[in-house]
Amino acid sequence: QMLNGLMTPDESITPPCITDVDSLIDAVRNCGMVGLGGAGFPTHVKFNVDPARIEALIVNGAECEPYITSDTRTMLDESELVAEGLSHVMRYLNIPDAILGIEKNKPECIAEMKRVTKEMSGVCVQALPSLYPQGGEKVLAYHATGRIVPQGKLPLDVGLIVMNCTTAATIAHFINTNAKSIKIVAISLLRKVSFPLSRTLSPFSKPFYGTFFLTKKCAFLFSNRRLS
């Protein structure tokens, strides 16, 4: 509900009850969750596999594209949610090991994710080479595990499942609140922004004058126009 510009939860909204892999998949489906690394593949479809085939989970924090920092901010600002979402997936899909792969040019992210996962069994934060396309799941799978995903195959065919770090955080947020994924992450390419801009706009609750923003999916050019 939006009242006088304030976002307040409806009293009828309650967190989903997660007790097993089926209820986790139902929750992820109801959330409308898709991979937030850019491909947009439905996450509930990725999870709806025989858990016995999954030997390890890879959490993608590589973010190798120049000037893209949305996952970086997630790992720094919502690190606890990333760890919580990772924990849910490991628990209900019965995955024994997880690797959180982050390019080594993000030392703050590496340190923060090591801090929040240090008590988690089977979880390793791994520094990866800084190169493009490190965030591609086959490249990531190779550098994180040494396993080669054959042409025309998926990471699952070599015992791996790959999930973006922001996807993990969003899953945890939904499980905690039943709030569906509606936020938009905007990244300013200007050295100086002449007006207040929140990193996360969910939704556009205030009009603002825009400039050039780059997101994972596409670019927008707002010039001397008011959004409402």
Side-chain angles (χ1 to χ4, degrees), residues 5-9 15 28 31-40 43 57-90 98-120 123-128 130 134-135 140 162-193 195-206 208 210-217 219-220:
L6 300 177
M7 295 294 293
T8 57
V28 171
C31 177
M33 191 73 258
V34 298
L36 296 178
T43 305
L57 169 68
I58 300 178
V59 179
N60 189 347
E63 198 165 47
C64 58
E65 301 93 334
Y67 304 110
I68 298 294
T69 57
S70 61
D71 287 341
T72 296
R73 293 314 316 174
T74 296
M75 289 184 283
L76 293 176
D77 301 338
E78 300 177 344
S79 58
E80 300 282 356
L81 284 177
V82 175
E84 185 178 347
L86 166 60
S87 177
H88 284 310
V89 175
M90 291 182 69
I99 300 171
L100 207 167
I102 306 171
E103 281 193 334
K104 61 183 180 181
N105 61 0
K106 303 173 182 64
E108 297 89 352
C109 293
I110 293 171
E112 176 61 13
M113 293 314 304
K114 283 185 176 180
R115 183 187 71 82
V116 297
T117 61
K118 64 182 179 180
E119 302 298 331
M120 295 176 63
V123 178
C124 169
V125 178
Q126 185 169 333
L128 304 172
S130 300
Q134 185 63 268
L140 179 64
V162 180
M163 176 178 65
N164 176 263
C165 62
T166 302
T167 302
T170 305
I171 290 173
H173 179 68
F174 178 75
I175 290 175
N176 291 339
T177 65
N178 205 8
K180 297 187 177 182
S181 177
I182 59 172
K183 71 180 181 181
I184 298 172
V185 177
I187 302 167
S188 173
L189 297 183
L190 291 185
R191 292 184 178 179
K192 181 178 180 181
V193 178
F195 53 85
L197 175 65
S198 172
R199 179 185 71 88
T200 303
L201 309 172
S202 57
F204 291 113
S205 58
K206 297 181 180 179
F208 69 98
T211 180
F212 186 78
F213 297 106
L214 182 68
T215 70
K216 284 184 174 299
K217 301 299 291 185
F220 302 91

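Numbering starts at 1 and runs along the sequence shown.
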What's the verdict on side chain to side chain contact (heavy atoms under 4.5 Å, CB included) for K106 and E63, showing C-alpha distance, side-chain angles and the deciding distance? CA-CA 10 Å; K106 303 173 182 64; E63 198 165 47; 4.0 Å; yes

Distance-minimising heavy-atom pair for [X] and [Y]:
X	Y	result
A62	Q134	CB-CG, 3.8 Å
G85	A172	N-CB, 3.5 Å
A168	V82	CB-O, 3.8 Å
L81	H173	CD2-N, 4.1 Å
L57	V89	CD2-CG1, 4.0 Å
A83	M113	N-CE, 4.4 Å

Distance from [X] atom [atom1] to [Y] atom [atom2], nearest 0.5 Å?
X	Y	atom1	atom2	value
N60	L140	CG	CG	4.5 Å
K114	I102	NZ	CD1	9.0 Å
S130	K104	OG	NZ	6.0 Å
D77	S70	CG	OG	11.0 Å
M75	I110	CE	CD1	8.5 Å

Pairwise side-chain contact, [X] with [Y], heavy-atom cut-off 4.5 Å (strictly under):
X	Y	result
P15	N176	no
V59	I99	no
I175	E84	no
C109	L76	yes

Salt bridge check, E80 against R115: does any charged N sit closer than 4.0 Å to a carboxylate O?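 A salt bridge links R115 with E80.
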
Checking Q126 against L128 for the side chain to side chain contact (heavy atoms under 4.5 Å, CB included) test, could you report, in this order, the C-alpha distance in whole Å, the side-chain angles of both residues, the deciding distance, and whether it holds? CA-CA 6 Å; Q126 185 169 333; L128 304 172; 4.0 Å; yes

Apply side chain to side chain contact (heavy atoms under 4.5 Å, CB included) to V123 and M90, showing your working. CA-CA 10 Å; V123 178; M90 291 182 69; 3.7 Å; yes

Please determine which of T170, T166, T167 meets the side-chain hydrogen bond (donor to acceptor under 3.5 Å, both in side chains) test together with T74.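 Filter result, single survivor: T166.
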
